[in-house]
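Data first, discussion second: the structure below is written as structure tokens.
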Amino acid sequence: MESNQPNKVILLEDGWKEIKEKAIEELEATLNNGFKKKKIFKAHQYIHIYTICYNMCTQREPFNHSEQLYNRHGEVISKYLSETVVPALKSQRNEFLLKELVRRWDNHKMMNRWMKLFFMYLDRYYVKQYCKPTLSEAGIKHFKVQVYDIVKVDAVNAMLSVINAEREGEIIDRNLIACCIEIFESMGMGQLDSYKEDFEKQFLNGTREYYARKAQLWIEEDSTPDYLIKAEDRLESERARVGHYLNPTTEPELMRICEREMLENHQQILLEKEGSGCSVLLANEKNNDLSRMYQLFSRCPYGLTSMATIVRKHITKSGNAIMAKREERIEAGEKETSQDPVLVKELLDLHDKYMAMVSQNFAGNALLQKALKDAFTEFVNRDIGKYKTAGLMSNFCDRIVKTGGEKLSEREVEEYLSKIVMLFSYITDKDLFAEIYRQQLAKRLLNHRSLSDDAERLMIGKLKLKCGSQFTCRMEGMMNDLAIGADHASEFEEYYRGLKKQNDIDFSVQVLTTGYWPNFRPVNLVFPSELNRCMNIFKEYYDRKYSKRRLSWMHSLGNLSIKAMYPNSKTYDLLVTTLQGCVLMLFSTENEMLDLKQIIERVNIPDEVCKRVLHSLSCGKIKVLKREGTSVTVKSTDKFGFNPKFSSPMRKIRIPMASLEDNQGSKRVEEDRSVAIEASIVRIMKTRKILGHQQLVAEVLSQLHLFKPNPRNIKCRIEALIEREYLERDADQANTYRYLA
């Protein structure tokens, strides 16, 4: 048939015979026998067939055969699939079925491509004009109906069998499965409906059943760490499987099913398993296993809740064991003191250990950080004996930042201070810590016992960062007083030098701002004339400079350096407090023994204070005074005198004395707490006007962060405010208060 005669009409059967003989039969033969040549059709062959189709579709009616060619295009594909492809597939099973399916699909794609090229003109005009499926779509639909729908169940079963074989460690042809997955994806023609409904659904159900069996077997045979190693390996292999041959959209649901079957459904058993559960791993410090446990259970919804509970209980148990050691020591008869560096160091080490675990092994997870916080809050606030943990921590700080305490490098001091502040964040008596620390800071600064200003300011800065500027404003004020005081001291020294007589003593004064410094016990002394003259000179100088300021002398905080000369020609520099110095000066001219009453009358200090001073001078390691008395403590019948036999290898000697402040600031703290509670109540009621008792207590507790008041104390402060007419009880509603403006 000659196609280069444009004026000759091509009849349907004539044209179709040419197309069938020279194109379709050749194409089918090639598909059945394999591709033995690179190109099935040469260019002139293709152009000849295309021209015939073109002419048949462009002839005028009634010789326009577009519709008939479109229908016969489908019939050819459908016939080939039903008569050749389907019988070939039905004769195969298992993996051979998959290989045959992939081969036939590749053949179909080739056939569909050439059929589209031959009948291309139909796609350009007829398909668009009559809204028909394109030739490619029609070819895929025929494959779906004639082949896919028939073999898909057997194909899915064969695929699942191969995938499970790979899960058991066998080597499979991954490319074969990937090609099969492509078929399922292609059947959706741009959508994944066929893939998800026909394959993914069965694949996920099979995965669920497979890992349910595996997990039960592992639970019975393996320890928790071994189980988790297997689970981790399987999760990674399933994720890799998606990359090898599954559609990426399968991954979220696949991983969720694996996590549920291997982890979530057995979580409690794994965490509590005897001999290898979470608490055992914590006790044995199996950090790698704990890290794996965290990473796996963090995948599950609420997966870390139970783990956090176990971690909290374990840390609490470890902390209580440390606190119990102190309790045992006290019960065994050890003298209870406000210093317990061993306890504080053990708490710091425990915190370092579990903070590192939470940060490194648990990735700083908020839930596990809260478990750590709750655990430490529980046992750090246990009161063992009469000294609270807040006081013990403050005293530990005092040891490391004052001279003569712990011998540490600057880096070690900074590390300890950082750790203490972290531990400080867990205590509920933050105001008590602040008060004790402020008293100790004052003593260090005034007695020149501070290791360095940098260390002091570093600690204050850390506390400020943790609790705010109001918490540290008085401490900062104390530091500023000393900085300003250096300028005052130099000015007064120049002034004093102009008035100083030959026998006058060296004298300096530190001026403190009352609001910043603790309220130390005032003691009025009878001073030697030399000291009185110096004090009067300073008062004149200060009154002239600041006429509107009032000076109050705090003699209990002063220091003296006394030069003591003994009969054996030895000379010592005694570094003492002002109180000790005034008592010692009595014996510079007095050779007789003096009793307690005589000393009190001459120095004018209270009985209790005088006993402490005399005890430090006559009963300690450094006995610069001799005592006539047999009791351990100073009695009113004891007599005291100069000790000519005193000797020491050191020339400069510091004589310590017990503090006059015994209660570690607890009374002051209680007063401040009462004020803070009342202020909080008034602030709340001023805003709310009317409020029930329980609501008021709850809001007060939520506002106070520096301490945790007892609800009974809150009730007492409410009663006090009612008495002072800030509040009144509601006449109509019980347990309800009204604010009185």
*Stepwise side chain to side chain contact (heavy atoms under 4.5 Å, CB included) check, L270 with Y227*: CA-CA 8 Å; L270 291 168; Y227 181 102; 3.5 Å; yes
_Any salt bridge linking K17 with D14? Criterion: basic side-chain nitrogen under 4.0 Å from a carboxylate oxygen._
no
*Residues K79 and E75 bridged, charged N to O under 4.0 Å*: no
*Can you name the ring-ring contact (aromatic ring centres under 6.0 Å, His included) partners of F297, sequence neighbours left out?*
none
*Donor-acceptor pair, K273 side chain versus I219 backbone, under 3.5 Å?*
yes
*Between K152 and D198, is the closest basic N to carboxylate O distance under 4.0 Å?*
yes
_Parallel, tilted or perpendicular: rings of H108 and F143 (30°, 60°)_ = tilted
*Decide side chain to side chain donor-acceptor pair (under 3.5 Å) for E272 and Q268; before the verdict, give the C-alpha distance in whole Å, the side-chain angles of both, and the deciding distance to 0.1 Å.*
CA-CA 6 Å; E272 298 176 357; Q268 210 62 33; 2.7 Å; yes
*asked:* Between Y54 and Y121 (judged by ring centroids, cut-off 6.0 Å), do the two rings come close enough to count as a pair?
replied: yes
_Distance-only donor-acceptor check, side chains Y294 and D289, under 3.5 Å_ = no
*Compute both the distance and the angle, then confirm whether K419 meets the cation-pi test with Y416: under 6.0 Å from the six-membered ring centre, within 45 degrees of the axis.*
yes
*Should Y426 and F376 be marked as a ring pair (Phe, Tyr, Trp, His ring centres under 6.0 Å) after you check the CA-CA gap, both sets of side-chain angles, and the distance that decides it?*
CA-CA 6 Å; Y426 302 125; F376 269 84; 5.4 Å; yes
*Would you check if the side chain of N320 reaches a backbone N or O of T316 as a donor-acceptor pair within less than 3.5 Å?*
yes
_Strictly distance-based, threshold 3.5 Å: is any side-chain N or O of N247 a donor or acceptor partner for the main-chain N or O of T250?_
no
*State whether a side-chain donor-acceptor pair under 3.5 Å links Y245 with E166.*
yes
_For a side chain to side chain donor-acceptor pair (under 3.5 Å) check, start with the C-alpha distance between K313 and S279, then their side-chain angles and the critical distance, and finish with the verdict._
CA-CA 9 Å; K313 289 180 179 178; S279 59; over 6 Å; no
_E232 and R299 ion-paired at < 4.0 Å_ = no
*In chain order, what residues pass the side-chain hydrogen bond (donor to acceptor under 3.5 Å, both in side chains) check against E238, with sequence neighbours excluded?*
R167, Y211, R241
*For K230 and D226, run salt bridge (Lys or Arg N to Asp or Glu O under 4.0 Å): C-alpha distance rounded to whole Å, both residues' side-chain angles, the deciding distance at 0.1 Å, then the answer.*
CA-CA 6 Å; K230 290 181 178 179; D226 291 341; over 6 Å; no
*Using modelled atom types only, decide if a donor and an acceptor are shared between the side chain of N205 and the backbone of K201 within a distance under 3.5 Å.*
yes
*Decide whether E261 and H266 meet the rule of one side-chain donor and one side-chain acceptor closer than 3.5 Å.*
no
*Does the H65 side chain pair with the main chain of W16, one donor and one acceptor, at a distance under 3.5 Å?*
no
*Please check if any side-chain donor atom of E168 sits under 3.5 Å from a side-chain acceptor atom of Y210, or the reverse.*
yes
_Please enumerate all residues that pass side-chain hydrogen bond (donor to acceptor under 3.5 Å, both in side chains) together with E264, with sequence neighbours excluded._
R256
*Ion pair check, E26 and K22, cut-off under 4.0 Å*: no
*asked:* Return the CD1 to CG distance between I315 and L372, rounded to the nearest 0.5 Å.
replied: 4.5 Å
*Would you call K345-D349 a salt bridge at under 4.0 Å N-O?*
no
